[in-house]
Amino acid sequence: MTASTLHRPIAHDSATLYVTGEARYIDDIAFPADGLHIALGLSDRAHARITAIDVSACLASQM
Amino acid sequence: MNSTIRFLLNGIEQSIDDVKPDTTLLNWLRLDKKLTGTKEGCGEGDCGACTVTVASLNASGQITYKAVNACILFLPMLDGLSITTVEGLRQTNGDLHAVQDAIITHHGAQCGFCTPGFVMSLYAGYENGLDDNRQNIQQILSGNLCRCTGYGPLIDAGQSAARHTPSPDQKTAQIARQQNEITYLQSRQNDTGMLTIETTDQAFYAPRQMSDLETLAITYPDATFLAGGTDIGLWVTKQHRHIHRFIYLGAVHALKTISRDDDHIHIGAAVSHAEAMDAVAEDYPGLTEVWQRFGSAQVRYSGTVVGNIANGSPIGDMSPCFLALGAMLTLNHGGTRRTLALDDFFISYGKQDRKSGEFVESISLPRLASNDICYAYKISKRFDQDISAVLMAVRVRLDGQMIANIRIGFGGMAATPSRGYQLEQALKGHDCSQPLPEQAVAALASDFQPISDVRASGEYRLLVAENLLRKMLVELSENNGVFRLYPSELPASPDVPVLAIDALAGDHT
């Protein structure tokens with residue numbers, strides 16, 4: 001019979017990656033050439049029905 | 001003249017040309033070297049996620065490791081030094097360093113983002129010879145913020161690493177790594193050329209000789225003097241200021257010294273807080289707590305004592321201490337020196353008595369006589385790494401129980417660090433075993449009309465200053481072997497703040 005794992009400490013899954021700096025976070029990923037950016041356009045109404053979305057200003061801003 | 005920055009990075013020499021002189025070490029590591037283990041948290045030297053170590057040789061030729069914030073260090077400041085990042089700790093056989101093992105074993109990482117910074121602070125401590133005392137570990141980690149794991153496991157990890165006996169393998173790896181660094185640092189120690197970086201719109205000069213510094217200061221009176229960069233770094237990263245011309249003081253040999261004569265201790269403009277604190281701790285035991293709470297370990301390793309004064313901040317913690325001591329500054333203008341009482345240096349907010357082309361060469365602290373006592377009290381919201389709401393420092397000369405002479409310096413009470421001149425007069429001749437005299441309270445309010453800001457209200461600052469004076473009297477009379485029962489002295493008037501006195505009384509019953 002194998003020993004129970006109950007009540008025994010287990011190291012964090014990513015602990016070695018953390019202490020060596022090898023864990024990758026979003027900011028650690030190089031930005032790809034010609035990558036697109038996203039910006040959120042938020043509604044100014046908390047509770048409403050969306051009847052149309054006007055994206056003409058966004059499209060007009062494209063290089 | 002030399003325009004190439006050269007330093008050791010994880011044991012390998014780097015040669016860097018064509019770089020903007022205000023490029024931070026952090027950006028260079030992450031963007032150019034793709035070494036992304038060093039993280040950017042705050043970008044202003046507060047959070048410690050970007051901590052790396054800088055090794056250099058001390059005056060006796062031994063290698064010492066300093067934990068520093070890479071986010072506010074400019075690349076040219078590192079010329080001739082040895083940098084280690086979290087990527088450099090693994091042994092060649094892949095084994096982890098003792099501090100890395102300890103953090104894993106003690107569950108010191110949860111989200112992991114701050115972890116490389118903690119690893120590097122502990123690494124600096126470990127390599128310098130870590131003491132397993134809990135307070136010592138807390139000091140070492142004072143500049144690292146963790147928002148999810150909690151400090152308990154991290155301090156446990158530090159204590160465990162300090163008690164760890166390295167395996168023969170680990171010992172061999174450590175010696176080999178240090179020897180490589182020592183050899184490099186020795187080979188760069190006697191460099192002579194002045195590092196000069198000139199781009200189309202920026203220049204950086206790192207003179208080594210005092211005469212070169214004097215000439216540069218006169219030639220470019222609009223230049224920005226840079227020492228530790230713990231303030232100027234933020235001008236660049238947070239205020240996006242474009243600094244046209246840097247004159248770096250950190251490579252000038254003569255500015256790195258601490259010397260003593262019969263009356264004074266002289267601290268050069270390139271001496272860090274950590275170095276000064278170690279060197280004069282026994283001379284001014286009353287300043288120890290304030291110095292230990294100054295910024296964080298990283299800030300004390302980088303920031304200079306003279307820089308903290310020369311930039312004239314109204315809330316710099318050391319200025320009030322040095323005002324109380326009666327420090328003198330030596331200013332240098334093209335090799336012509338003048339000395340100035342620190343009191344006369346601070347003219348008004350942001351304005352100091354420094355002529356164009358002149359720089360502060362050193363500060364001289366008077367040595368205390370046997371009947372001199374020095375205290376300093378820092379009031380802030382956090383123990384470590386916080387800007388003071390009020391800082392009060394005193395130097396008292398006692399004649400029996402009588403205050404024969406007293407100098408009191410305050411920070412946070414006015415637009416510059418200031419002495420309370422009327423207050424000092426009101427306390428002269430006072431028996432320190434007696435309660436704070438009413439005329440001293442009035443004099444304090446006449447000396448200072450502190451402003452209200454995010455740190456404290458004006459009323460609070462004045463009240464705290466008053467209570468600190470009471471605390472000082474208690475400590476003075478204790479120091480003098482006089483013990484009293486404080487509650488009997490509680491004033492009847494409800495307007496007088498009794499809370500602070502009660503709290504003090506608790507210590508003595």
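Nothing here was measured: the structure is a model prediction, and the numbers come from that model. Each chain gets a letter, A, B and so on, in the order its sequence line appears, and its residues count up from 1.
Most heavy-atom pairs under 4.5 Å with chain A: of the set His106(B), Arg90(B), Glu87(B), this distinction falls to Arg90(B). With respect to chain A, the highest number of heavy-atom pairs below 4.5 Å among Gly112(B), Cys114(B), Gly37(B) belongs to Gly112(B). Residue with the most contacts toward chain A among Gln110(B), His97(B), Glu40(B): Gln110(B) (heavy-atom pairs, distance under 4.5 Å).
Residue Ser14(A) does not touch chain B at all, counting heavy-atom pairs closer than 4.5 Å. Within the 4.5 angstrom heavy-atom criterion, only backbone atoms of Cys111(B) (N, CA, C, O) approach chain A. Residue contact with chain A, scored on non-hydrogen atoms closer than 4.5 Å, involves the side chain of Leu96(B) exclusively. Contact of Ala23(A) with chain B is made through the backbone alone, with heavy-atom distances under 4.5 Å. In this structure, the portions of Phe113(B) lying under 4.5 Å from any heavy atom of chain A include both its backbone and its side chain. For Ile10(A), the part lying under 4.5 angstrom from a heavy atom of chain B is the backbone only. Contacts of Lys34(B) with chain A are absent, with no heavy-atom separation under 4.5 Å from either backbone or side chain.
Checked by atom type and distance alone, the side chain of Asn128(B) pairs as donor or acceptor with a backbone atom of Ala124(B) at under 3.5 Å.
A salt bridge links Arg30(B) to Asp28(A): one of the charged nitrogens lies within less than 4.0 Å of a carboxylate oxygen.
Residues Arg6(B) and Leu81(B) have side chains not in contact (no heavy-atom distance under 4.5 Å, counting atoms from C-beta outward).
Using modelled atom types and a 3.5 Å distance limit, the side chains of Thr85(B) and Asn10(B) yield a donor-acceptor pair. Side chains of Ser56(A) and Asp54(A): a donor on one and an acceptor on the other come within 3.5 Å. Checking Thr20(A) against Gln100(B) by side-chain atom types alone, no donor-acceptor pair falls below 3.5 Å.
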(message) Before you tell me yes or no, could you show the steps for Gln298(B) and Thr51(B) under side chain to side chain contact (heavy atoms under 4.5 Å, CB included), namely the whole-Å CA-CA distance, both residues' side-chain angles and the distance that decides it to 0.1 Å?
(response) CA-CA 8 Å; Gln298(B) 289 91 323; Thr51(B) 303; 3.0 Å; yes
